[in-house]
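Heads up: the structure comes next, in structure tokens.
Chain naming here is simple, since letters A, B, ... match the order of the sequence lines and numbering starts at 1 in each. All values below come from the heavy atoms of this structure, side chains included, with hydrogens, waters and symmetry mates left out.
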Protein chains: 2
Amino acid sequence: MTHQTVSHPARPGLPDDPRANVPAPTPSCPVEITLAALHGRWTTLVIREFLKGDHTFSELREALPDLSDKVLSDRLAHLTNAGILTRHREPGWPPRVHYTLTPHGRSLGPVLQALWDWGSTAPTRHPEDG
Amino acid sequence: MTHQTVSHPARPGLPDDPRANVPAPTPSCPVEITLAALHGRWTTLVIREFLKGDHTFSELREALPDLSDKVLSDRLAHLTNAGILTRHREPGWPPRVHYTLTPHGRSLGPVLQALWDWGSTAPTRHPEDG
DNA sequence: CTGAATCCCTGCCGATACTG
DNA sequence: CAGTATCGGCAGGGATTCAG
């Protein structure tokens, strides 16, 4: 599709939705939901691997050698829980677990694209402040 | 603008840019740059206030009563440092500091919109896992 | 009024060792 | 092979207090 049919408010980023009028960060805010899904180191890189195709645990380990087993396991559980991945354990030996991107997970593509686009147009960087 | 003129790769979220082939999370990745800009609790809500218009320190305190002075100060410094806000100290008394969104900061609108849109289409939520 | 300094508590991430 | 259990370091964020 080339264009979304959801109602576009006059000012981008300011949807006229009741959930937008929040006095504090709340998990029910859609923006927070997305940031929570992407939360954590390595998470976006893991999603990026899945945008190329599905993987098993070992394949991911090869693709991201600096990522420890524990954190990889955490990320996969987190993303599965968020409805971004589905887990499929293949019977037999050796045990192999296959992870696949759900349609909802694949729809993260444009989101990552938006993040990439903005980050590519950075003006002047100020290294301090962290 | 209604439409971006940057080259769109065949698969969204998978730009054919050398910076995309990273073996580990690195600050030079545009996605990481954007996530770093939005990083921290309250950050997106502060940006949201500025999408409505510029504010002083006190006005922000009124708009976000549950946000402590220290964290507000941290966020403003962070966003100023990231080129999203500009700081203007008005002479005279009482001291007032005016913060304004830069063009680069205003261009975060579509990014927040993308985050909102994806978070609005969440399928089934699994409360566990945090 | 604006914002920096300090203290404490919590949660993330990495490394290692262990289990089905 | 694919995880879980545990521990330690470190950075984030809230409350309070102090300064320009």
Side-chain angles (χ1 to χ4, degrees), chain A residues 23-27 32 35-46 49-50 54-82 85-100 127-130, chain B residues 22-27 32 35-47 49-50 54-82 85-100 127-130:
Chain A
T26 164
E32 297 290 332
L35 290 178
L38 301 178
H39 177 255
R41 207 154 112 93
W42 296 96
T43 303
T44 56
L45 287 181
V46 170
E49 290 303 315
F50 279 106
D54 43 2
H55 291 280
T56 64
F57 195 93
S58 328
E59 289 168 353
L60 284 167
R61 248 204 313 224
E62 295 171 16
L64 301 170
D66 292 345
L67 176 52
S68 75
D69 287 9
K70 182 219 175 192
V71 175
L72 175 55
S73 183
D74 283 352
R75 295 296 170 267
L76 292 172
H78 173 77
L79 293 172
T80 301
N81 229 314
L85 296 178
T86 50
R87 200 178 99 114
H88 178 63
R89 194 190 187 292
E90 298 183 9
W93 193 266
R96 288 214 159 226
V97 181
H98 215 77
Y99 290 91
T100 311
E128 64 268 48
D129 155 67
Chain B
V22 288
T26 166
E32 296 291 330
L35 289 178
L38 301 178
H39 175 255
R41 207 154 111 93
W42 296 95
T43 304
T44 55
L45 287 181
V46 170
I47 295 173
E49 289 304 315
F50 279 106
D54 43 3
H55 291 280
T56 64
F57 195 92
S58 329
E59 288 168 352
L60 285 167
R61 247 203 316 225
E62 295 170 15
L64 301 170
D66 292 344
L67 176 53
S68 76
D69 287 8
K70 181 226 178 188
V71 176
L72 175 54
S73 184
D74 284 351
R75 295 297 170 266
L76 292 172
H78 173 77
L79 293 172
T80 301
N81 229 315
L85 296 179
T86 51
R87 201 178 100 113
H88 177 64
R89 192 189 189 291
E90 298 184 8
W93 193 266
R96 287 212 160 227
V97 181
H98 215 77
Y99 290 91
T100 310
E128 64 268 50
D129 152 69

Given that B/Pro94 and A/Pro95 both sit by DNA chain C, which one's nearest nucleotide is further toward the 5' end? B/Pro94
Nucleotide nearest A/His39 (side chain, heavy atoms from C-beta), chosen from C/dC1, C/dC12, C/dG20: C/dC12
Please state how far atom CZ in A/Arg61 lies from atom P in C/dA15, giving the value in whole angstrom units. 14 Å
Step through it carefully: locate the ring centre of A/His55, locate the ring centre of A/Phe50, and say whether they are under 6.0 Å apart. yes
Would a distance-only check, ignoring hydrogens and angles, find a side-chain to backbone donor-acceptor pair under 3.5 Å from B/Arg96 to B/Phe57? no
Are A/Arg87 and D/dG3 close enough that a side-chain N or O sits under 4.0 Å from OP1 or OP2? yes
Determine whether A/Leu64 and A/Glu49 satisfy the following criterion, side-chain contact (heavy atoms from CB on, under 4.5 Å), listing intermediate values before the conclusion. CA-CA 9 Å; A/Leu64 301 170; A/Glu49 290 303 315; 4.2 Å; yes
Taken to the nearest whole Å, OH/A/Tyr99 to P/D/dC1 is 15 Å
For A/Asp74 and C/dG14, what is the distance between atoms CG and P respectively, to the nearest whole Å? 10 Å
Yes or no on side-chain hydrogen bond (donor to acceptor under 3.5 Å, both in side chains) for A/Thr80 and A/Arg87, after CA distance, side-chain angles and deciding distance? CA-CA 7 Å; A/Thr80 301; A/Arg87 200 178 99 114; over 6 Å; no
In whole angstroms, how far is the P atom of C/dC1 from the CG atom of B/Leu60? 14 Å
Separation of C/dT16 P from A/Leu72 CG (nearest whole Å): 17 Å
Value for OG1 (A/Thr43) from CG (B/Leu35), rounded to nearest 0.5 Å, stands at 9.5 Å
Nearest-Å distance, CG (B/Leu45) to P (D/dG13)? 13 Å
Close N/O contacts between protein and nucleotides 14-16 of chain D (under 3.5 Å):
residue: D/dG14; atom: OP1; partner: B/Arg41; partner atom: NE; Å: 2.7
residue: D/dG14; atom: OP1; partner: B/Arg41; partner atom: NH2; Å: 3.1
residue: D/dG14; atom: N7; partner: B/Lys70; partner atom: NZ; Å: 3.3
residue: D/dG14; atom: O6; partner: B/Lys70; partner atom: NZ; Å: 3.0

Are the side chains of A/Arg61 and A/Glu59 in contact, using a 4.5 Å heavy-atom criterion? no
Distance-minimising heavy-atom pair for A/His39 and A/His78: O-NE2, 4.4 Å
CD of B/Glu90 versus C1' of D/dG20: gap in Å, rounded? 17 Å
Over how many whole Å does the gap from B/Leu76 atom CG to C/dC1 atom P extend? 16 Å
